2 protein chains.
Amino acid sequence: MANPSIKEVAQRAGVSVGTVSNVLNRPWIVAPRTRQRVQDTIRELGFVRNEAARHLRAGRSRTVGLVVLDVANPFFIDVARGAEALADEHDTMVVLCNSDGDPHREGRHLDQLEQQRVMGILITPVRTDSPRLRSLVARGTPVVLVDRAAAHGGRCSVSVDDRLGGRLAGTHLVERGHRRIAFVGGPLSIQQVADRLAGVTAAVEEAGGVSLETLEMPTLSVAAGRAAGERIAALPDASRPTAVFCGNDLLALGFLQAMAAQGLRVPHDMAIVGYDDIDFAAAAAVPLSSVRQPRELLGRTAMELLQEEVEDPGAHRHRQVIFQPDLVVRESSDLTRAD
Amino acid sequence: MANPSIKEVAQRAGVSVGTVSNVLNRPWIVAPRTRQRVQDTIRELGFVRNEAARHLRAGRSRTVGLVVLDVANPFFIDVARGAEALADEHDTMVVLCNSDGDPHREGRHLDQLEQQRVMGILITPVRTDSPRLRSLVARGTPVVLVDRAAAHGGRCSVSVDDRLGGRLAGTHLVERGHRRIAFVGGPLSIQQVADRLAGVTAAVEEAGGVSLETLEMPTLSVAAGRAAGERIAALPDASRPTAVFCGNDLLALGFLQAMAAQGLRVPHDMAIVGYDDIDFAAAAAVPLSSVRQPRELLGRTAMELLQEEVEDPGAHRHRQVIFQPDLVVRESSDLTRAD
DNA sequence: CCGTGCTACTGAGACGTTTCAATTCGATGG
DNA sequence: CCATCGAATTGAAACGTCTCAGTAGCACGG
């Protein structure tokens, strides 16, 4: 009635369970006649392998967990696509988990994934070095950090040079003549955000005579960007920055909306540079300048490192891959393109 | 060394495996002293439950599969969030799978999910009634259709009245005086798209004296929308439609970009109405009018129906829940709001 | 006809958990 | 002191698969 097992297939086909298993896993060692008979029976009975049993037997599953900070951010979706593309080639499944920037949620997902004995975990952690993550690794689950460099050599990581990204944005704005710049970021406890700030700070300091003020928002969302925009728009003209560098594109989009709502023109009254260069950045009210990251490549490379580690843990040496971002200048920070 | 099992915990704590299992699952029946001792041992050894074994024993997993047409579409991400919110309350995990509109990919995901013996599957199927899905149900995996009404009473479904949505958009454009309207849609094999077209068609026919032309694109993506926009922009002024209704917001955003690139003003030269009202619609170059669907509620309700079915299959009666969409008018179709 | 070597197949054991009937152990009451 | 009872604990079976040592059968050469 319910799902037939390998045993029932064996019985019906008149062979042993071992033979059915062989048909499934190493068909070439089974005589063609037998193989055919078993395959027919499988179809007839509608037999479906029980992954849980395989998994229990094998000790490890064929699943990889991917824990991201925000599924609503298309940046992470692209990272996931990259990871999944490679996973497909390895007959592996990717489970996407959303921590939403909450360490507690992150912990819950890690628990679940560890209980599932996943092959490994790709994660953009909420905090840099949680003990939870450390114990995970200690107990034998390979972890690859995504979009964040590993502090120690204890694990692999794939990241983008966020300091450089911040510097690119800062230098660009300084070169366009801005002397009052604001940085709108998410919580500085997120390493990427802190690094981007450090980058823009360095660029500004080198330039000299340029002020940089920081607005730390609780999240990296469109709503937070809108709130930040409203606060900045409320400043008197004289003290209001003329350019803003946002910690990611969601913030930038929100900020842009606020500018429109408050009647400030972009880029005339306010230049904006975002981060990530998500697809929607180019489609915004005013096309957004943004620091581009190789999103899919990030995910794909992380999965590559993980597969490498899983396939030969002995030979594997942890590596820190760091990509370079580049700046895409569009209308939001370029007066020459504006009407 | 490796992950300790319940057996090693039992040994170390000087109890039987049954007792450890009881501490884990029904702690109240274990004497406090023993319970404490076992819990200490668990912590000491870093014991982590093996979900595969539980699952094998239990016969079914605590996971639900959610198969969507396009993860890059924020609409489905919101649906997923709604589903996950409820899943959390039931201590259930959601696995998000992306069919990308490809029946083959969809089939692969369904195979994987069935092998995992998931509790159930929430799916926006590529085609209306695939045999693959039917056999899944026949073999005992509960399926709830999402964003699509079930043709027969054989399963639950949660959907939005797409015909009504199309009608709202059509009526709106007709009322604004448009007499040449275009529908830009994804493949009409997708039921939602066909229904939206049917709705707008009905609205146009009722109005009389209004022409509707259809442009069927291969996908519901920003790129496809851009391509559609370029084709329509290339038409001579006299025969070019003055308004377009796009099958979803991604198409609409792409279409909007093409208008800007070709020098056509929105809404003056071309009015645009999208579908889904994703968050980015409001942040577009010209804020998009769009037909809004209760995205999270869609996911949450689907999960509710599934849980209901799983918890008491006997008492469960399949239901078709249908929500009403509504139209959000913004600048892209409203001359009075444009500068 | 026997030994050898091969191919094809068999069957038991193990993976880690849950469950449940069976057992042990004290305490209580007669 | 024995019978009884309840609480606490035990131990084995079962879930479905894979693996591996073993067996059967056959062909071939000597």
Side-chain angles (χ1 to χ4, degrees), chain A residues 1-39 41-42 45-63 91 112 114-119 139-140, chain B residues 1-39 41-42 45-63 91 112 114-119 139-140:
Chain A
M1 187 68 269
N3 295 323
S5 75
I6 233 181
K7 191 149 63 179
E8 303 175 63
V9 173
Q11 210 164 357
R12 179 91 158 231
V15 297
S16 73
V17 294
T19 299
V20 178
S21 179
N22 283 334
V23 169
L24 257 21
N25 299 299
R26 311 118 94 185
W28 57 92
I29 73 163
V30 179
R33 278 183 58 115
T34 316
R35 194 197 312 156
Q36 189 59 53
R37 190 150 37 92
V38 171
Q39 282 167 342
T41 311
I42 286 177
L45 256 44
F47 165 78
V48 175
R49 270 160 122 120
N50 184 323
E51 180 65 26
R54 303 187 71 188
H55 171 179
L56 171 60
R57 179 77 229 283
R60 282 246 162 243
S61 78
R62 289 159 32 256
T63 295
D91 192 28
Q112 283 181 313
E114 191 176 11
Q115 286 175 16
Q116 303 208 23
R117 300 289 191 275
V118 290
M119 275 174 53
R139 281 197 289 266
Chain B
M1 184 72 269
N3 295 322
S5 74
I6 232 180
K7 191 151 63 179
E8 303 175 62
V9 173
Q11 209 164 357
R12 179 89 158 231
V15 296
S16 73
V17 294
T19 300
V20 178
S21 178
N22 283 335
V23 169
L24 258 21
N25 301 298
R26 310 120 92 186
W28 57 91
I29 73 163
V30 179
R33 277 184 59 115
T34 316
R35 193 197 311 155
Q36 190 59 53
R37 189 150 38 92
V38 171
Q39 282 166 341
T41 311
I42 286 177
L45 256 45
F47 165 79
V48 175
R49 269 161 125 120
N50 185 324
E51 180 65 27
R54 302 186 72 188
H55 170 179
L56 172 60
R57 180 75 229 279
R60 59 134 130 139
S61 78
R62 287 157 36 254
T63 296
D91 191 28
Q112 284 182 313
E114 192 176 9
Q115 287 175 16
Q116 303 207 21
R117 300 288 190 278
V118 290
M119 274 174 56
R139 281 197 289 266

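Computed from a predicted structure; not experimentally measured. Proteins get letters first, then strands, A, B, ... in listed order; numbering begins at 1 in each.
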Which residues in residues 55-63 of chain A have a heavy atom closer than 4.0 Å to any atom of DNA chain D?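 Nucleic-acid contacts, sorted: A/R57.
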
Polar-atom pairs under 3.5 Å, protein N or O versus N or O of nucleotides 8-11 of chain C: list them with distances, or write none.
unit_1: C/dC9; atom_1: OP1; unit_2: A/T34; atom_2: OG1; d: 2.2
unit_1: C/dC9; atom_1: OP2; unit_2: A/A31; atom_2: N; d: 2.9
unit_1: C/dT10; atom_1: OP2; unit_2: A/S16; atom_2: N; d: 2.8
unit_1: C/dT10; atom_1: OP2; unit_2: A/S16; atom_2: OG; d: 3.0
unit_1: C/dT10; atom_1: OP2; unit_2: A/T19; atom_2: OG1; d: 2.7

Measure the distance from [atom1] on [X] to [atom2] on [N] and round it to the nearest whole Å.
X      : N      : atom1 : atom2 : answer
B/I6   : C/dT19 : CD1   : P     : 11 Å
A/R117 : C/dC15 : CZ    : P     : 14 Å
A/Q115 : C/dT17 : CD    : C1'   : 12 Å
B/L24  : C/dT17 : CG    : P     : 8 Å
B/Q11  : C/dT17 : CD    : P     : 14 Å

Could you go step by step and tell me if A/S16 and A/T19 meet the side-chain contact (heavy atoms from CB on, under 4.5 Å) rule? CA-CA 5 Å; A/S16 73; A/T19 299; 3.4 Å; yes

Can you tell me how far CG of B/L45 sits from CZ of A/R139, rounded to the nearest 0.5 angstrom?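 The CZ atom of A/R139 sits 10.5 Å away from the CG atom of B/L45.
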
Got a second to check how far B/R117's CZ is from A/N3's CG, nearest 0.5 Å?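 With rounding to 0.5 Å, CZ (B/R117) is 4.0 Å from CG (A/N3).
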
Using modelled atom types only, decide if a donor and an acceptor are shared between the side chain of [X] and the backbone of [Y] within a distance under 3.5 Å.
X     : Y      : answer
A/E8  : A/S5   : yes
A/R62 : A/V118 : no
A/R37 : A/A13  : yes
A/R26 : A/V23  : no
A/R60 : A/H55  : no

Residue of the set A/V17, A/V38, A/V30 for which side chain to side chain contact (heavy atoms under 4.5 Å, CB included) holds with A/N22: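 Answer after filtering A/V17, A/V38, A/V30: A/V30.
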
Quick one: how far along DNA chain D does chain B reach, first to last nucleotide 5' to 3', anything under 4.0 Å to a heavy atom?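 First-to-last contact on DNA chain D, by the 4.0 Å heavy-atom rule, is D/dA8 to D/dG16.
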
A quick test of your reading: do over 12 heavy atoms of other residues, nucleotides or ligands sit less than 6.0 Å from CD of A/Q11?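 No, because the 6.0 Å sphere around CD of A/Q11 holds 12 heavy atoms or fewer from other groups.
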
Looking at every heavy atom in both A/F47 and A/I6, which two are closest together, and how far apart are they?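 Smallest interatomic distance, heavy atoms only, reads CE1-N, 3.5 Å.
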
NA contact type, A/S21, heavy-atom cut-off 4.0 Å: base, sugar-phosphate, or nothing?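 The residue A/S21 makes base contact.
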
